[in-house]
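Only one structure is covered here, and it is reproduced in the block below.
Fair warning: this is a prediction, and the values are worked out from it, not measured in the lab.
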Amino acid sequence: MPKFPRHQIMSLTGEQARHELGESYGPDLRLGELLTPELGEVELGYGTAAGDVRLRNAIAERHRVRADDVVVTVGGMHGIFLLAYLLAERGEVVTTAPEFPMTRSAFETVGASVRVVPVGFDDGYQVRADAVREQLTPETKLVSLATPQNPSGVAVPRSVLREIVDAMAAVCPDAYLLVDETYRVATYGDDQVADTAVQLGPRVVSVASLSKCHGAAGLRIGWVISTDPALVERLVTAKFSTVVSASPVWGARGPRVRAGACHPRRA
């Protein structure tokens, strides 16, 4: 089996359809919407491994954490891969099916054993805490969830996440809960944006990006948030060891993307 298996989802970047009714992200931003005079002052050096402090401050403010809790990555997928490599290499992972296929690939690529919690149409794609607990063992290193989920769009209630955190503390206290929050700011109408799961404790890690909701996937801006300083240090080292840093344009001022919610249309 190839180290990095090829997926049909790669066609999303290789083929540009004029109209895509089933796509899960917003319309692409144009460069003219982002450019500001300040970009002329940007020095095109390496920048920092953790990411520009101005950008980390902006991300931290919206998650009510410290800038030192934030590691900027080359898209959310880079963050997921680093976490898989650091926390689950040849270990045990509990996750759902369906899920974003490249997330599952990251776990398989690092040789993890994957235990699956199935969710489907008949149960409204709801993740149940008891179903997750049934798959936990003392060998579990990582539990991976997304809220709202991709592709169902169903959110995991905070109360359920709390139950899962409590179950992990009892069964596999050294494991981490990875929560993909790429769609966290997606809301209907005047609904409030859900609180980030990272507030549930130091063993909860949040990953997100400027891709799906904000239409800025080409900027390749993602982030990992953890209130565990030791994990943050490992992430910064791993990032430096894989991509060194990334474009300093990230911190020039940041794309002028509204910090609130993106609003999907009702079916």
Report summary line: Output for pair (S144 OG, L87 CG), nearest 0.5 Å, gives 11.0 Å
Query raised in the report: Same cluster or not: are I221 and V53 linked, directly or through other Ile, Leu, Val, Met, Phe, Trp or Tyr residues, by side-chain heavy atoms under 4.5 angstrom apart?
Result: no
Query raised in the report: Do T103 and E99 get their side chains close enough for a donor-acceptor pair, meaning under 3.5 Å?
Result: no
Query raised in the report: Hey, mind stepping through S113 and E92 against side-chain hydrogen bond (donor to acceptor under 3.5 Å, both in side chains) and telling me if it holds?
Result: CA-CA 5 Å; S113 172; E92 182 179 283; 5.2 Å; no
**Report entry** Linked, directly or transitively: V110 and F100 (ILVMFWY side chains, under 4.5 Å)
**Finding:** yes
Requested in this report: Taking the side chain as every heavy atom from C-beta outward, state whether F81 and T73 have any atom pair closer than 4.5 Å.
Outcome: no
Query raised in the report: With a 3.5 Å cut-off and no angle check, do the side chains of S206 and E181 form a donor-acceptor pair?
Result: yes
Query raised in the report: Does V154 offer a backbone N or O that forms a donor-acceptor pair with the side chain of S152 under 3.5 Å?
Result: yes
Report summary line: Nearest heavy-atom approach of T48 to G51 is OG1-O, 2.9 Å
Query raised in the report: Is the backbone N or O of V117 less than 3.5 Å from a side-chain atom of T96, with the two atoms forming a donor-acceptor pair by type?
Result: no
**Report entry** side-chain contact (heavy atoms from CB on, under 4.5 Å) between R128 and V160, intermediate numbers included
**Finding:** CA-CA 7 Å; R128 300 193 336 269; V160 172; over 6 Å; no
Query raised in the report: Minimum heavy-atom separation for S245 to K239, with atom names?
Result: CA-CE, 4.1 Å
Query raised in the report: Does D191 reach the main-chain N or O of T187 with its side chain, forming a donor-acceptor pair under 3.5 Å?
Result: no
Query raised in the report: Are V205 and L177 close enough, and set up right, to give a side-chain contact (heavy atoms from CB on, under 4.5 Å), and what steps lead you there?
Result: CA-CA 6 Å; V205 185; L177 172 61; over 6 Å; no
Report task. Give a yes or no on whether R115 atom CZ has more than 12 heavy-atom contacts from other residues, nucleotides or ligands under 6.0 Å away. Result -> yes
Query - Under 3.5 Å: donor-acceptor pair, side chain of R158, backbone of T196 - result: yes
Query raised in the report: Between V156 and Q126, is any pair of side-chain heavy atoms under 4.5 Å apart?
Result: no
Report summary line: Nearest heavy-atom approach of P148 to G153 is CB-O, 3.6 Å
Query raised in the report: Is the shortest side-chain N to carboxylate O distance from R66 to D69 below 4.0 Å?
Result: yes
Query raised in the report: Does V143 share a hydrophobic cluster with M102, counting links as ILVMFWY side-chain heavy atoms below 4.5 Å and allowing steps through other members?
Result: no
Query raised in the report: Which heavy-atom pair separates A197 from V179 by the least distance, and what is that distance?
Result: CB-CG2, 3.9 Å
Requested in this report: Supply the atom-to-atom distance L136 CG to I164 CD1, rounded to the nearest 0.5 angstrom.
Outcome: 8.5 Å
Query raised in the report: Mind checking whether V119 and P98 have side chains closer than 4.5 Å, heavy atoms only?
Result: yes
Query raised in the report: Does the side chain of L142 come within less than 4.5 Å of F107's, by heavy atoms?
Result: yes
Query raised in the report: Should we say atom CD of E139 is surrounded by more than 12 heavy atoms from elsewhere, each under 6.0 Å from it?
Result: no
Query raised in the report: Side chains of V65 and V198: does their closest heavy-atom pair fall under 4.5 Å?
Result: yes
Query raised in the report: Would V207 and L83 satisfy side-chain contact (heavy atoms from CB on, under 4.5 Å), going step by step from the backbone distance to the final call?
Result: CA-CA 10 Å; V207 175; L83 288 167; 3.6 Å; yes
Requested in this report: Group every Ile, Leu, Val, Met, Phe, Trp and Tyr by side-chain heavy-atom contacts under 4.5 Å, then state whether V204 and Y176 land in the same group.
Outcome: no
Query raised in the report: Which is it for D180 and L145 under the side-chain contact (heavy atoms from CB on, under 4.5 Å) test, yes or no, and what are the steps along the way?
Result: CA-CA 6 Å; D180 184 339; L145 303 174; over 6 Å; no
Report task. Spell out, as yes or no, whether a donor-acceptor pair under 3.5 Å connects the side chain of R234 to the backbone of L86. Result -> yes
Query raised in the report: Would Y183 end up clustered with V127 when hydrophobic side chains under 4.5 Å apart are linked, directly or stepwise?
Result: no
Query raised in the report: Roughly how far, to the nearest 0.5 Å, is the OG1 atom of T182 from the CD1 atom of I80?
Result: 6.5 Å
**Report entry** Nearest heavy-atom neighbours spanning V93 and A112
**Finding:** CG2-CB, 3.8 Å
Query raised in the report: Rounded to the nearest 0.5 Å, how far apart are OG of S105 and CD of E108?
Result: 5.5 Å
Query raised in the report: Under 3.5 Å, is there a donor-acceptor pair between the side chain of R203 and the main chain of V165?
Result: no
Requested in this report: Decide yes or no for E233 and V236: does some side-chain heavy atom of the first lie under 4.5 Å from some side-chain heavy atom of the second?
Outcome: no
Query - Under 3.5 Å: donor-acceptor pair, side chain of Q199, backbone of H63 - result: yes
Query - Donor-acceptor pair, side chain of Q149 and main chain of Y125, under 3.5 angstrom - result: yes
Requested in this report: State plainly whether the residues K141 and D174 are in salt-bridge range, i.e. N to O under 4.0 Å.
Outcome: no
Requested in this report: Could you tell me which non-hydrogen atom of V116 sits nearest to which non-hydrogen atom of A97, and how far apart they are?
Outcome: CG1-CB, 3.4 Å
Query raised in the report: Is R64 close to D195 at the side-chain level, that is, under 4.5 Å between some pair of heavy atoms?
Result: yes
**Report entry** Residue pair S209, H78: steps toward the side-chain hydrogen bond (donor to acceptor under 3.5 Å, both in side chains) verdict
**Finding:** CA-CA 10 Å; S209 73; H78 182 214; over 6 Å; no
Requested in this report: For the residue pair V232 and V71, establish whether any side-chain heavy-atom pair is separated by less than 4.5 Å.
Outcome: yes
Requested in this report: Indicate yes or no: does R56 engage D52 in a salt bridge with an N to O separation below 4.0 Å.
Outcome: no
